[in-house]
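Reading through the C-alpha cells given below for one structure.
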Amino acid sequence: MSKSLTNLTIKDIAKLSGVSKSTVSRVINHDPMVKESTRNKVMAIIEQYQFTPSKSARAMRGYGNKVIGIIVTRLDSISENHAVRSMLPIFYANGYDPIIIESQFSAPKVEEHLRMLKEKQADGVVVFAFTGLESSRLAFWRNKCVVIARPFPDYSCICYDDVGAVNKALTYLYQKEKHKKIGYIGITKQDQTTGELRYQAYTDFCHTHKIKPNAVLGKLSFYSGYELAESVLLDSPTAIVCATDSIALGLNKYLSEKNINNIVVISIGNSDLLNFLFTKTIIVDLGFDKAGTYAANELLQTLQSEVKAKIITVPSQIVN
Ligand SMILES: O=P(O)(O)OC[C@H]1O[C@H](O[C@H]2O[C@H](CO)[C@@H](O)[C@H](O)[C@H]2O)[C@H](O)[C@@H](O)[C@@H]1O
C-alpha cells in the first residue's frame, strides 16, 4: 500500500480486510448484524493502520458525525447530573462524542439547539423534557431521540415513578413508623411530573388514610425547601416528605439552623449530597443513574436498528 497511512480510505480498509466497503461501514457503525469473525478481521486492520473515518466522509454516506447531543434543562440539576454522568461512559465506549447543552426550560431554546445539532450532523439526541415542550418540536429527531422525564407518544422515553415514589414514602411513614402528621414540601402544579403528579399522590394518600393534608408548594430549588420550611412546620408535623433532593437539602439547612432534630425527613430522589445532612433523611431512590444508563443504551439501539418506541419507567425503591 503506497498511500500514507493518514490518507487511507474505507475502500483501502475493505481491500486489506478482504470485505466490501459496505461491510467496513457497518463495522464502524456497530451494526449488530455483522458476523463476529468479520468484525474482528476488519477491526484488526483498522487498528493496525490506525484508521479513523473522516467525519465528512461519514456524513456524506448518511451517517452522523459520531456526535450525540444531550439537552439538559439545568446544568445545576442534581437529577440530570446523575443521569448524564451515567450516560457519558456508554457513549464514549461506543465512539460517540457527547455535546451537553442547557435549555433552561425554554422550548424555543430546545428547538434552536436541535437545529444546531442537525447542522453538526449529530447522530442522535437525548432530551430532558419539561412542561411546555411539545413533542412536535422534536419531530425531525423522532427515530434518533430518547426523551427523559416525560412520556411522549411515539418516542422512546425514560420516566420516573413519580406517584409510586410518593406512595412508598407515605406508606413507610404511616404504616411502619405510625406517623399521623405528615407534611409535604413540593413543586407548584404547573410542573406536571415532579409538581402535579407527586402532589396529587400526596393528597390522594391523605384522603384515603384520613390524614389532614399539610402541603406547601414552591419552586424547583434549594431555596424552596429553606423558605417553605417555616410554613409546613406551623402544623407541627412529625415527618415531612420532600418532592426533590434540593428541597430536602434546603429544609435540612433550616432544621439545622433552628436545631430541630425530632422530625423524620424523606427525600424523593437520591443524590450523593444526602449523605451529608444534619437530619437523618430516608430516601426514595428514583434511579437517576439508571435512567441515564437506560437512555444511552436505548438511543444506541435505536441508532443501530429500527427499535419500536417505548416508555420505560425506572422503578423507585425506599433506601433506609
Ligand atoms: O435535579 P433537581 O433540581 O433536584 O430536581 C429534581 C427533579 O428533577 C427532574 O425534574 C425536573 O426536570 C425534568 C427534566 O429533567 C422536568 O421534566 C420536570 O418537570 C422537572 O421537575 C426529575 O425528572 C425529577 O425526578 C427530579 O425530582
Side-chain angles (χ1 to χ4, degrees), residues 70-87 100-107 109-110 113 125-135 137-138 145-152 155 157-169 184-202 217-226 228 241-253 265-274 276-277 281 283-292 294-295 311-317 319:
I70 304 175
I71 307 185
V72 298
T73 61
R74 304 145 286 154
L75 287 169
D76 64 349
S77 158
I78 301 177
S79 58
E80 294 178 19
N81 242 283
H82 274 263
V84 171
R85 268 169 22 208
S86 58
M87 278 175 215
I100 301 169
I101 330 165
E102 190 188 39
S103 70
Q104 295 162 353
F105 292 108
S106 153
K109 274 210 170 107
V110 169
H113 296 323
V125 293
V126 176
V127 179
F128 286 82
F130 49 87
T131 312
L133 178 71
E134 311 87 347
S135 59
R137 304 233 187 210
L138 313 182
C145 170
V146 170
V147 174
I148 299 196
R150 209 147 289 249
F152 282 172
Y155 286 78
C157 303
I158 315 293
C159 294
Y160 293 113
D161 181 22
D162 297 288
V163 172
V166 173
N167 278 329
K168 280 174 190 148
Y184 177 81
I185 309 184
I187 310 292
T188 55
K189 286 189 272 166
Q190 280 83 1
D191 178 317
Q192 286 155 7
T193 51
T194 315
E196 186 161 4
L197 288 181
R198 293 182 197 178
Y199 173 69
Q200 191 62 48
Y202 169 77
L217 305 181
K219 291 197 189 123
L220 192 65
S221 84
F222 297 97
Y223 300 100
S224 276
Y226 184 78
L228 298 173
V241 174
C242 296
T244 74
D245 288 343
S246 322
I247 290 180
L249 288 161
L251 169 65
N252 183 76
K253 178 170 160 56
V265 176
I266 295 203
S267 183
I268 313 274
N270 195 8
S271 108
D272 302 339
L273 294 172
L274 296 178
F276 303 94
L277 297 184
T281 302
I283 295 158
V284 181
D285 183 6
L286 279 179
F288 299 138
D289 302 316
K290 270 196 199 128
Y294 290 166
I311 295 173
I312 300 173
T313 302
V314 185
S316 63
Q317 59 172 336
V319 183

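Just so you know, ligand 1 is whichever comes first in the structure, and atom 1 is the first atom listed for that ligand.
- Of all atoms in ligand 1, numbered sequentially from 1 with element shown, those under 4.0 Å from a heavy atom of T193 are 18 (C), 19 (O).
- Residue contacts with ligand 1 for A129 involve N, CA, C or O but no side-chain atom from C-beta outward (heavy atoms, distance under 4.0 Å).
- Residue I148 places every heavy atom at 4.0 Å or more from ligand 1.
- Distances below 4.0 Å separate heavy atoms of T244 from the following atoms of ligand 1: 6 (C), 27 (O).
- Counted by atom type alone, D245 and S267 present one or more donor-acceptor pairs between their side chains at under 3.5 Å.
- With contacts defined as side-chain heavy-atom distances shorter than 4.5 Å, the pair F130/L220 does not qualify.
- In this structure, L286 has a heavy atom closer than 4.0 Å to ligand 1.
- The main-chain N or O of L75 is found under 3.5 Å from a side-chain atom of N81 such that the two form a donor-acceptor pair.
- Among E80, H82, R74, the residue whose heavy atom sits closest to atom 5 (O) of ligand 1 is R74.
- Contacts between E196 and ligand 1 below 4.0 angstrom, taking non-hydrogen atoms only, are absent altogether.
- Between the side chain of N270 and the backbone N or O of L286, no donor-acceptor pair lies under 3.5 Å.
- Among protein heavy atoms, the minimum distance from atom 25 (O) of ligand 1 is reached at R198 NH2, 2.7 Å.
- The aromatic rings of Y184 and Y202 lie parallel to each other, their planes meeting at an angle below 30°, with 60° marking the opposite boundary.
- Side chain of Y294 to main chain of I158: no donor-acceptor pair is present (N/O by atom type, distance under 3.5 Å, no hydrogens or angles).
- Donor-acceptor pairing under 3.5 Å is recorded for the side chains of E80 and T73.
- Atoms of ligand 1 lying under 4.0 Å from at least one heavy atom of Y160, given by number and element, are 22 (C), 23 (O), 25 (O).
- Between the choices A243, A248, S79, S77, the shortest heavy-atom distance to atom 7 (C) of ligand 1 belongs to S79.
- When non-hydrogen atoms are compared, ligand 1 lies under 4.0 Å from the side chain of R150 (C-beta onward) but not from its backbone.
- Near I78, the atoms of ligand 1 lying under 4.0 angstrom from a non-hydrogen atom of the residue are 1 (O), 2 (P), 4 (O).
- Atom 10 (O) of ligand 1 has as its closest protein heavy atom T194 OG1, 3.2 Å.
- The part of L220 lying near ligand 1 is the side chain, judged by heavy-atom distances below 4.0 Å.
- Of the listed residues (E102, K109, H113), just one forms a side chain to side chain contact (heavy atoms under 4.5 Å, CB included) with I71, and that residue is H113.
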